[in-house]
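Below: the structure, in structure tokens.
Chain identifiers are assigned alphabetically (A, B, ...) following the order of the sequence lines, protein sequences preceding nucleic acid strands; residue numbering begins at 1 within each chain.
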Amino acid sequence: MSRFLNFDTLSLHAGQVVDPEFGARAAPIYQTTSYVFPDTDTASSIFNLERGGHAYTRITNPTVGVLEQRIASLEGGSAAVCTSSGMAATYCAITAILGQGDHIVASTQMYGGNISLMKNTLPRFGITTTFFDPTDPDACRAAMQDNTKLIYGELIGNPGLDILDLEEIAKIGADHHVPFMVDATFNTPYLCRCFDYGANITVHSVTKWMGGHGVAIGGAVVDGGNFDWGATDKYPTITEPYAPFSGINLWEEFGPSAFATRIRAEAMRDIGPSMSPMNAFLLLQGIETLSLRMDKHMANTLELLDYLSNHEQVSWVNHPSLPSHSSFDLAQRYLPKGAGSIVSFGVKGGRNAGKAFIEACELASHLANVGDAKTLIIHPATTTHSRIDAEALAAAGITEDMVRLSVGLEDVADIKADFDTGFRAAKRVAAR
Amino acid sequence: MYFDVKGTQVFATTGGKPFDPAQPVVVFLHGAGGDHTVWNLQSRFFAFRGYSVLAPDLPGHTNSEGAPLVSIEAMADWLNGVFEALDCRDVSLVAHSMGCLVALELGSRCPDRLRSLSLIASGLATPVNDALLSAARDKPEAAIAMMTSWGYGAAGHYSRGPVPGNAMIAGGQMVMRGNSPEALHADLTACNDYANGKQAAPQVKAPVQVIVAGKDRMAPKKATDELAAHLPNASVAVIADSGHMVPQEAPNRCRQLLRDFIFQNNPAGQT
């Protein structure tokens, strides 16, 4: 009885009005800082949030807007704001609602940048964080304080790959009337739409699988529109008059998109981490093939899991699709199309053998990124998580022999052959 | 702002300016399952141009207390109560979908209260099919899906609205979920049962503009033509490419039509 456009169609079409003058089929790159107003009334209307429109590219841009509306549509959210990077998205999303004296409850298993933001940077501005083991929702509940204003986690934890129990954590948020924000970078909306399980906000590094080609840095905040900001007085930035816009009450005026509007009105204006139109264009090209790429990522991942699990030089393999993984059941529940294309494994022989493996691989690229079309490998203890202390390293489940693999789209036989070369080198080192 | 109507708290947004009944008033009334936010690309515009704006939530909708009203006549009584509670005179009433039936009923009962009436995406009646009615009662998520699937046109389904970043269907669904659980069924029952449109319309004295959505699957052209034919002083404007959710799908064109009509019929000394 009801009919909505499906994911693949939205990936190609959502957010774009075909250019009325020239009929460009691709979303044009509006490489401009500013926009000519037809009259003063229109100009004042845009500045006063009476109508949609563009005034200055730091705040909005037509190409970026297509990407924002496409991402919001794919996520099933009410609105999205794109930013210059995933970290900018996280920072803007947090500071839109938290300030001096406020508290976050966050998973221990997160990207090192997220942990550093909460452990080192935000405390300088009076925002503190208590970290909890993502495999233990009771620990999340126990960490809640009177001043807690946000629960934060990654659905697929980085790098331990533990799956956050979305519905359990969302229930804790609902019980305390605190929004639940999920970094959905590793899953993308193709593998899991977190709002369907009670999350209220998602943030993305769209640099990764969403863009998928390693050519543009970008981030996105998606407002699920499903948090009742008005039911509590905890969130005055959303529910109290906002002086810079004639005392607008964003919750009263914008309801389900009030949170996203706050980010647009405050963070993009006062801080300015805007996405460039060129990057938005590049990321749009990637999103057009999101489901195709994710299916191939998942197929290659399953093949490599089988290969690694049976390789004599591999001491352990970690992925939520493996029945041995503690999050296997949660992965089946929340990620039935696949639990992401990040795999971690241990190379027999420890740190030096792991190093030899990475340096001997030729096809797999040794670099600090994930979610590229190309296969990537890295040693987290000395790179992405090198700036966090030993205690946090252990809490994040990182060992010295760990190699993190981001499975690409190459022919999987070639990836296996490359790894065979790497493992032969590792074996020689281990034998010394 | 919150105020009291016959012992029940009512919420209405005032478009970002304090409500002053001494100014000409523009009242925006939402449709079935909706709330005040459907008007946010119209209400704020008028509030900053010399009008006092009220976009109330019907009882049981979003921020207004009370049980949802189950007849159009009761909603018209309630709206008249809003006008009396706030001493609203010189009212330009703007209504969408179910709100139009309420407006017709109010316009026929209190013809001297209105300075103008803008009716968006409605006929004289709104029959509701049994599947939707029963879903609204028993399977609210299915009813919300039906309403938003049918209600939004291409701008909604493709997220092509003019507000950068916004995806209006999800927002509309969230509004429906935020209402009291009985609200959608009550609204649709009221629509389905209302049979006084043909009698009410000819009694409306104020000038009326009928705004028709060219791709409206809920209020097709045949229905809007019939509405216009029964109004003694009506003009018709068509927004060709909009679905039923005109205030969100075609906000700029909708606002321009409202602006031209209300500025002419209920001037506020605006520029």
Side-chain angles (χ1 to χ4, degrees), chain A residues 1-5 9-10 13-17 41-42 44-45 48-54 59-62 64-66 68-82 195 222-226 228 230 241 245-249 252-258 260-261 263-264, chain B residues 1 11-18 35-49 55 62-63 129 131-132 135 142-150 152 154-175 177-178 251-252 255 259 271:
Chain A
M1 297 293 285
S2 55
R3 176 85 174 85
F4 295 99
L5 296 169
T9 306
L10 293 172
H13 293 279
Q16 186 192 356
V17 178
D41 194 52
T42 302
S44 69
S45 294
N48 198 33
L49 303 181
E50 296 164 13
R51 61 180 292 161
H54 304 283
I59 317 294
T60 63
N61 170 277
V64 179
V66 175
E68 290 169 334
Q69 284 161 236
R70 189 161 301 177
I71 291 172
S73 186
L74 292 172
E75 274 279 46
S78 57
V81 180
C82 281
F195 301 141
V222 187
D223 187 344
N226 57 353
D228 186 354
F245 285 87
S246 310
I248 193 170
N249 184 315
E252 288 188 2
E253 297 290 330
F254 297 101
S257 58
T261 307
I263 292 174
R264 180 88 64 199
Chain B
M1 70 174 185
F11 172 81
T13 183
T14 58
K17 287 278 197 180
D35 78 352
H36 65 280
T37 59
V38 72
W39 300 110
N40 66 26
L41 296 173
Q42 287 80 33
S43 55
R44 195 167 166 80
F45 174 87
F46 283 95
F48 280 80
R49 281 159 186 78
T62 303
N63 294 328
N129 73 46
L132 178 55
I144 289 169
M146 290 179 198
M147 289 281 285
T148 49
S149 168
W150 299 337
Y152 286 94
H157 283 272
Y158 288 90
S159 294
R160 289 176 181 159
V163 180
N166 277 21
M168 63 188 86
I169 284 188
Q173 292 177 338
M174 297 306 168
V175 166
R177 292 185 187 117
N252 295 339
R255 184 177 52 251
R259 175 192 186 280
T271 56

Worksheet item: Hey, are the side chains of A/S44 and B/R49 touching, using non-hydrogen atoms and a 4.5 Å cut-off?
Response: yes
Honestly, the part of B/H157 sitting under 4.5 Å from a heavy atom of chain A is both
So, the part of B/T148 with a heavy atom under 4.5 Å from chain A: the answer is both
Those residues at least two apart in sequence (or on a different chain) that pass salt bridge (Lys or Arg N to Asp or Glu O under 4.0 Å) with A/R264 are A/E68
Okay, A/Q16 and chain B: the region with an atom under 4.5 Å from a heavy atom over there is backbone
With sequence neighbours left out, the residues meeting side chain to side chain contact (heavy atoms under 4.5 Å, CB included) with A/T42 are A/P38, A/D39, A/I46, A/R51
Okay, A/N226 and chain B: the region with an atom under 4.5 Å from a heavy atom over there is both
Cut-off 4.5 Å, heavy atoms of chain A, and the answer for B/F11 is side chain
Cut-off 4.5 Å, heavy atoms of chain B, and the answer for A/S246 is both
Okay, B/R177 and chain A: the region with an atom under 4.5 Å from a heavy atom over there is neither
So, the part of A/S257 with a heavy atom under 4.5 Å from chain B: the answer is side chain
> Are B/R44 and A/N48 close enough that a side-chain donor and a side-chain acceptor fall under 3.5 Å?
Replying inline: yes
